[in-house]
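We count ligands from 1, going down the list as the structure has it; atoms in each ligand are counted the same way. Numbers for residues simply follow the sequence, beginning at 1. Because only heavy atoms are used, hydrogens play no part in the values below, and waters and symmetry mates are left out as well, while side chains stay in.
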Amino acid sequence: MKHYSGKFISFEGIDGAGKSTHIGFVTDFIRARGVQLVSTREPGGTPLGEKIRELFLHEKMHLETETLLVFASRREHLAQVIEPALARGDWVLTDRFTDASFAYQGAGRGLDRAKLETLAHWVHADLEPDLTFLFDVPLEVARARLDATRELDKFEREQEDFFHATRNEYLRRAAEAPHRFRVIDSTRSIAEIQQELAGILDGLV
Ligand SMILES: Nc1ncnc2c1ncn2[C@@H]1O[C@H](COP(=O)(O)OP(=O)(O)O)[C@@H](O)[C@H]1O
Ligand SMILES: Cc1cn([C@H]2C[C@H](O)[C@@H](COP(=O)(O)OP(=O)(O)O)O2)c(=O)[nH]c1=O
């Protein structure tokens with residue numbers, strides 16, 4: 001594994017868990033400590049990646065095409081944004097990374113995990129997040145939050161079974177890699193969650 005002085009932090013969770021709500025808070029918290037930080041997202045994060053994101057979120061396609069596209073976007077993201085930032089000593093916060101592919105394309109859609117392992121090894125054999133926040137809520141809570149707020153994309157319109165599988169895969173990966181995952185009980189209020197996040201970040205910055 002490559003080691004950088006800056007931290008590489010990913011944010012994960014099923015749609016509606018509250019991930020986007022907390023990324024802004026964490027960004028401000030870290031910047032307030034004088035740290036240079038790049039905040040980015042997947043799929044996307046580069047001009048090409050944003051074009052891939054549009055296709056990925058809105059076109060129907062074969063599961064393997066979808067998976068290859070998201071890893072293509074990730075490859076570009078690593079080359080253009082993530083690795084240069086870490087090499088400069090900046091911190092990188094990303095709204096989703098490879099855990100999302102295991103959760104959504106793997107457990108949700110049913111792609112063989114071995115294929116995902118192969119792609120992850122190909123695209124970033126020597127890099128993984130130092131810290132992954134997994135915002136975890138039961139499905140019903142996530143759904144209720146989404147229904148109240150916005151138009152749903154292709155993934156957000158998926159059925160219950162899909163999100164159960166997705167959530168369970170995230171939790172399985174968190175149990176498998178406790179050194180980098182922090183599972184955040186996101187049924188609590190935003191203020192309570194932010195208090196916990198601040199405590200974790202205090203030990204880091
Ligand atoms: N802890 C919380 N309690 C109540 N509502 C929340 C909480 N976290 C997020 N929300 C609301 O739920 C909706 C979805 O949150 P969002 O951060 O967009 O989720 P995600 O990025 O995980 O899909 C938003 O309207 C947000 O304000
Ligand atoms: C990174 C990634 C995202 N996704 C999905 C999860 C989300 O439903 C969607 C977009 O993620 P996200 O940016 O979290 O959407 P929003 O900002 O609308 O909450 O892409 C995958 O299926 N696989 C992946 O590897």
Side-chain angles (χ1 to χ4, degrees), residues 10-27 39-46 49-78 81-82 92-111 113 115-117 119-120 122-124 128-129 132-159 162-163 165-167 169-170 173 183-197:
S10 61
F11 292 75
E12 301 283 358
I14 60 171
D15 297 276
K19 186 172 50 63
S20 312
T21 302
H22 298 297
I23 289 177
F25 171 79
V26 173
T27 302
S39 185
T40 184
R41 69 169 180 182
E42 292 203 351
T46 64
E50 291 295 324
K51 289 186 182 169
I52 294 176
R53 179 184 175 94
E54 277 310 301
L55 296 170
F56 180 83
L57 290 184
H58 302 296
E59 298 288 332
K60 271 198 185 315
M61 61 185 80
H62 190 282
L63 172 58
E64 293 191 353
T65 311
E66 175 181 298
T67 306
L68 290 164
L69 276 181
V70 79
F71 273 95
S73 155
R74 185 163 296 137
R75 183 68 192 87
E76 194 66 15
H77 195 203
L78 283 158
V81 176
I82 298 174
V92 175
L93 263 56
T94 184
D95 184 344
R96 300 191 187 280
F97 194 62
T98 295
D99 295 307
S101 308
F102 280 87
Y104 283 76
Q105 281 63 51
R109 291 263 158 95
L111 186 75
R113 195 184 289 157
K115 290 188 174 164
L116 289 159
E117 303 279 8
L119 287 170
W122 182 5
V123 168
H124 57 91
E128 67 170 11
T132 299
F133 287 115
L134 173 55
F135 294 91
D136 184 56
V137 283
L139 193 49
E140 309 72 57
V141 176
R143 286 267 90 157
R145 288 181 186 169
L146 283 185
D147 287 345
T149 52
R150 62 179 183 237
E151 295 254 321
L152 304 185
D153 66 37
K154 164 175 125 182
F155 292 95
E156 291 167 342
R157 285 196 301 269
E158 283 284 355
Q159 299 306 304
F162 177 91
F163 283 108
T166 302
R167 180 185 184 206
E169 176 66 2
Y170 270 132
R173 288 180 69 77
V183 180
I184 307 294
D185 170 5
S186 305
T187 58
R188 295 170 299 161
S189 71
I190 292 175
E192 282 173 295
I193 293 168
Q194 291 183 345
Q195 205 175 359
E196 182 182 3
L197 294 175

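- Residue Leu119 is tested with Leu68, Val70, Thr98 for a side-chain contact (heavy atoms from CB on, under 4.5 Å); the sole match is Leu68.
- Remark: distances from the non-hydrogen atoms of Arg188 to ligand 1 include one below 4.0 Å.
- Assignment of Arg53 to the shell around ligand 2 is supported, since a heavy atom sits closer than 4.0 Å.
- Listed by number with element, the atoms of ligand 2 under 4.0 Å from a non-hydrogen atom of Ser101 are 24 (C), 25 (O).
- Heavy-atom distances between Phe56 and ligand 2 reach below 4.0 Å in at least one pair.
- When only interatomic distances are considered, the shortest N/O to N/O separation between Asp15 and ligand 1 does not fall below 3.5 Å.
- At under 3.5 Å, not a single nitrogen or oxygen of Ser20, backbone or side chain, sits near a nitrogen or oxygen of ligand 2.
- One finds no salt bridge joining Glu64 and Arg109 here, because no Lys/Arg side-chain nitrogen approaches an Asp/Glu carboxylate oxygen to under 4.0 Å.
- You'll find the ring centres of Phe163 and Tyr170 outside the 6.0 Å limit.
- Against a heavy-atom cut-off of under 4.0 Å, Pro43 is close to the following atoms of ligand 2: 1 (C), 2 (C), 3 (C).
- Asp136 has no carboxylate O lying under 4.0 Å from a charged side-chain N of Arg173, or vice versa, which leaves the two without a salt bridge.
- By the 30° and 60° cut-offs, the orientation of the rings of Phe11 relative to Phe135 is parallel.
- Comparing heavy-atom distances from atom 6 (C) of ligand 1 across His22, Gln194, Arg145, Arg96 singles out Arg145 as nearest.
- Close contacts between ligand 2 and Glu42 involve ligand atoms 1 (C) [criterion: under 4.0 Å to a heavy atom].
- Residue contacts with ligand 1 do not include Gly13, since none of its heavy atoms lies under 4.0 Å from the ligand.
- Using a 4.5 Å heavy-atom threshold, the side chains of Arg143 and Glu140 count as separate.
- Every atom of ligand 2 is numbered from 1 in the order shown, and the set under 4.0 Å from a heavy atom of Val70 is 24 (C), 25 (O).
- Although no hydrogens or angles enter the test, the distance criterion places no donor-acceptor pair under 3.5 Å between the side chain of Thr187 and the main chain of Val137.
- By the criterion of a heavy-atom distance under 4.0 Å, the side chain of Ile193, and not its backbone, is placed next to ligand 1.
- Judged by the 6.0 Å distance and 45° axis criteria, Arg113 is not positioned over the aromatic ring of Phe102.
- Across Ile23, Thr21, Thr187, heavy-atom proximity to atom 16 (P) of ligand 1 is greatest for Thr21.
- Heavy atoms of Gln105 found under 4.0 angstrom from ligand 2 belong exclusively to the side chain.
- Under the 4.5 Å side-chain criterion, counting only non-hydrogen atoms from C-beta, Lys115 is not in contact with Thr67.
- Close N/O approach between Leu146 and ligand 1 is not found [any backbone or side-chain N/O within under 3.5 Å].
- Across all non-hydrogen atoms, the minimal contact from Ser10 to Pro129 is OG-CG, 3.5 Å.
- The distance from ligand 2 to the heavy atoms of Lys19 drops below 4.0 Å at these ligand atoms: 14 (O).
- Near Arg74, the atoms of ligand 2 lying under 4.0 angstrom from a non-hydrogen atom of the residue are 1 (C), 25 (O).
- Ranked by closest heavy atom to atom 8 (O) of ligand 2, the top entry among Asp153, Thr94, Asp95, Asp15 is Asp15.
- At least one heavy atom of Leu57 sits less than 4.0 Å from an atom of ligand 2.
- Annotation: cation-pi geometry satisfied between Arg74 and Phe71 (NZ/CZ under 6.0 angstrom from ring centroid, within 45° of ring axis).
- Those atoms of ligand 1 that come under 4.0 Å of a heavy atom in Ile190, given as number and element, are 1 (N), 2 (C), 7 (C), 8 (N).
- Atom CD of Gln195 sits in a sparse spot, with 12 or fewer heavy atoms from other residues, nucleotides or ligands closer than 6.0 Å.
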